[in-house]
Number of protein chains: 2
Amino acid sequence: MQNVINSTRKQQKLSQAELATKTGVTRQTINAIENDKYDPSLDLAFKLADVLGLRVDQLFLWGDRHD
Amino acid sequence: MQNVINSTRKQQKLSQAELATKTGVTRQTINAIENDKYDPSLDLAFKLADVLGLRVDQLFLWGDRHD
DNA sequence: CTGAAATGTAAAGAACGTTTGACATAAAAT
DNA sequence: ATTTTATGTCAAACGTTCTTTACATTTCAG
């Protein structure tokens, strides 16, 4: 599923490692999600949205070209 | 994680089986999620929100008493 | 240019999400 | 009261999410 984690993270000048720490996962998990290897769990999606200051449906683009 | 699937589904007079069909999963999956056995995948969360006419963050209540 | 920080990637395994098939109880309809 | 529809639950199997460890490549500050 498409997401805007990479651009949002860069806007806030966070590294993958920093975002990982803030959301309680590993750097590799953030990297995999940014690069569309797999979708996060619902809980992690909420944590990412929370840290990045967006709603889940704004951070993950399901509507168009959905999944 | 808390969710309002049960009440929303009932408002729309859908059975668990009907909601399952509309979201492309089995009845047992809907039942388990309604009864908080586990959280759905992000994709299924979006499908459920779509069918029930709510946003993911309205259907799943992460903010208060979060996860 | 050199070194440090950031990113990409991979394999093995633990934990979670979903299916299938089945059976049991509850609720609603006839 | 009997049948049908809806819900709860369980176990085995399978695919997905995430961790750990490790190494390679890219980016950037000095």
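Chain identifiers are assigned alphabetically (A, B, ...) following the order of the sequence lines, protein sequences preceding nucleic acid strands; residue numbering begins at 1 within each chain.
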Novice: According to ring pair (Phe, Tyr, Trp, His ring centres under 6.0 Å), does anything in residues 4-33 of chain B pair up with another residue at least two apart or in another chain? List the pairs.
Specialist: none
Novice: Which angle, rounded to 10°, do you find between the first-five-pair axis and the last-five-pair axis of the helix from dC1(C)-dG30(D) to dT30(C)-dA1(D)?
Specialist: 50°
Novice: Hey, does Leu61(B) have a side-chain heavy atom less than 4.5 Å from the side chain of Asn3(B)?
Specialist: no
Novice: Please step through side-chain contact (heavy atoms from CB on, under 4.5 Å) for the pair Leu19(A) and Leu48(A), ending with a clear verdict.
Specialist: CA-CA 8 Å; Leu19(A) 181 53; Leu48(A) 286 164; 4.0 Å; yes
Novice: First contact, last contact: which nucleotides of DNA chain C are these for chain B, 5' to 3', heavy-atom distance under 4.0 Å?
Specialist: dG17(C) to dA22(C)
Novice: Is it true that a side-chain atom of Glu34(B) and a backbone atom of Asn31(B) form a donor plus acceptor pair closer than 3.5 Å?
Specialist: no
Novice: Strictly by ring pair (Phe, Tyr, Trp, His ring centres under 6.0 Å), give each pair with a member in residues 6-31 of chain B just once, sequence neighbours left out.
Specialist: none
Novice: Check ring pair (Phe, Tyr, Trp, His ring centres under 6.0 Å) between Phe46(B) and all other residues, then give those that pass, not counting sequence neighbours.
Specialist: Trp62(A)
Novice: Please collect all salt bridge (charged side-chain N to carboxylate O under 4.0 Å, His left out) contacts where either partner lies in residues 14-29 of chain A, sequence neighbours excluded, each pair once.
Specialist: none
Novice: Of the residues in residues 20-29 of chain B, which ones touch DNA chain D at a heavy-atom distance under 4.0 Å?
Specialist: Arg27(B), Gln28(B)
Novice: Is any side-chain heavy atom of Ile33(B) closer than 4.5 Å to a side-chain heavy atom of Asp39(B)?
Specialist: no
Novice: Under the 3.5 angstrom rule, does the side chain of Asn35(B) hit a backbone N or O of Lys37(B) as a donor-acceptor pair?
Specialist: no
Novice: Got a sec, which pairs hit ring pair (Phe, Tyr, Trp, His ring centres under 6.0 Å) with one end in residues 7-31 of chain A, sequence neighbours left out?
Specialist: none
Novice: Where each residue is assigned the nucleotide of DNA chain D containing its nearest heavy atom, which of Ser41(B) and Asn35(B) is assigned the position nearer the 5′ end?
Specialist: Asn35(B)
Novice: Extract, from 5' to 3' on DNA chain D, the first and final nucleotides lying under 4.0 angstrom from some heavy atom of chain A.
Specialist: dT17(D) to dA22(D)
Novice: If you find the nucleotide of DNA chain C closest to Arg9(A) and the one closest to Ile33(B), which residue's nucleotide is nearer the 5' end?
Specialist: Arg9(A)
Novice: Just jot down the side-chain contact (heavy atoms from CB on, under 4.5 Å) partners of Ser41(B), sequence neighbours excluded, or say none.
Specialist: Asp43(B), Leu44(B)
Novice: The criterion is side-chain contact (heavy atoms from CB on, under 4.5 Å); which residues satisfy it with Thr26(B), sequence neighbours excluded?
Specialist: Gln28(B), Thr29(B)
Novice: Give me each pair satisfying ring pair (Phe, Tyr, Trp, His ring centres under 6.0 Å) with a member in residues 2-32 of chain B, each pair once, sequence neighbours excluded.
Specialist: none
